[in-house]
Chemist: 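One structure, as structure tokens, below. Some questions next.
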Amino acid sequence: MGFCLFGNVALAAHYARQVHGARRVLVVDWDVHHGNGTQALVECEPDIHFVSMHQWPWYPGTGAATDRGPHDSVWNAPMPPSLAPEVYVDALESAIDAATTGFVPDLVLISAGFDSLASDPLGGFTLELEHVVRLTEGLVQRAESWCAGRVVSALEGGYAPDQLGEACVAHLAALG
Ligand SMILES: [Zn+2]
């Protein structure tokens, strides 16, 4: 829908399954926009579970909670802007836990969009660096129990350059 030339994370999910022998892949998208392209590219594969938390209503207008995809393998968490940051963290972690109930991923892919941080010009979420760290560490801990810690993160949105840089450093440090 205009932000991406290629659906990098969706391509990675399919490539991991087809070339590297991964069977089940979890994609977690915390970019402030719904990952509509990713969803479109993975929702027909029931062994790829997709979790997206995004501002709602907001561009691109997709990603209702009732949109579970044709195989119920999509967990959309649409959220209003300007809530306390802990609310977003809890909502995303709840969706991750729902998406992995009875589904143990071999690989976790993160659509790491940092336009979900406070003061980003394109988003109304309120996350700070500490919440990026908490979300990252939570996923790493889960991945350690699921699949020996296999996590791959891809940078997505983020439109305040200094803040984006700080978020990347915090995220990378928390990935270990
Ligand atoms: Zn975005």
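We count ligands from 1, going down the list as the structure has it; atoms in each ligand are counted the same way. Quick caveat, the model's predicted, so the values are computed rather than measured.
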Chemist: In D115, the N, O or S atom nearest to the Zn ion (ligand 1) is which?
Modeler: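 For D115, the N/O/S atom sitting closest to the Zn ion (ligand 1) is OD2.
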
Chemist: Does any non-hydrogen side-chain atom of L139 lie less than 4.5 Å from one of W30?
Modeler: yes

Chemist: Name all pairs fulfilling the ring-ring contact (aromatic ring centres under 6.0 Å, His included) condition that reach into residues 121-151, sequence neighbours left out, sorted by first residue then second.
Modeler: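 Matches after skipping sequence neighbours: Y88-F125.
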
Chemist: In terms of relative ring orientation, are F50 and H34 parallel, tilted or perpendicular, with 30° and 60° separating the classes?
Modeler: tilted

Chemist: Which of the N/O/S atoms in D31 sits closest to the Zn ion (ligand 1)?
Modeler: OD1

Chemist: Is the distance between the Zn ion (ligand 1) and the nearest N/O/S atom of H33 smaller than 2.8 Å?
Modeler: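 So H33 does bind the Zn ion (ligand 1) by this criterion.
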
Chemist: Which residue pairs satisfy the salt bridge (charged side-chain N to carboxylate O under 4.0 Å, His left out) criterion with at least one member in residues 100-125, sequence neighbours excluded?
Modeler: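 Residue pairs passing salt bridge (charged side-chain N to carboxylate O under 4.0 Å, His left out), neighbours aside: R24-D106.
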
Chemist: Answer yes or no as to whether an N/O/S atom of E156 is found below 2.8 Å from the Zn ion (ligand 1).
Modeler: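 No, E156 does not qualify, because none of its backbone or side-chain N, O or S atoms lies under 2.8 Å.
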
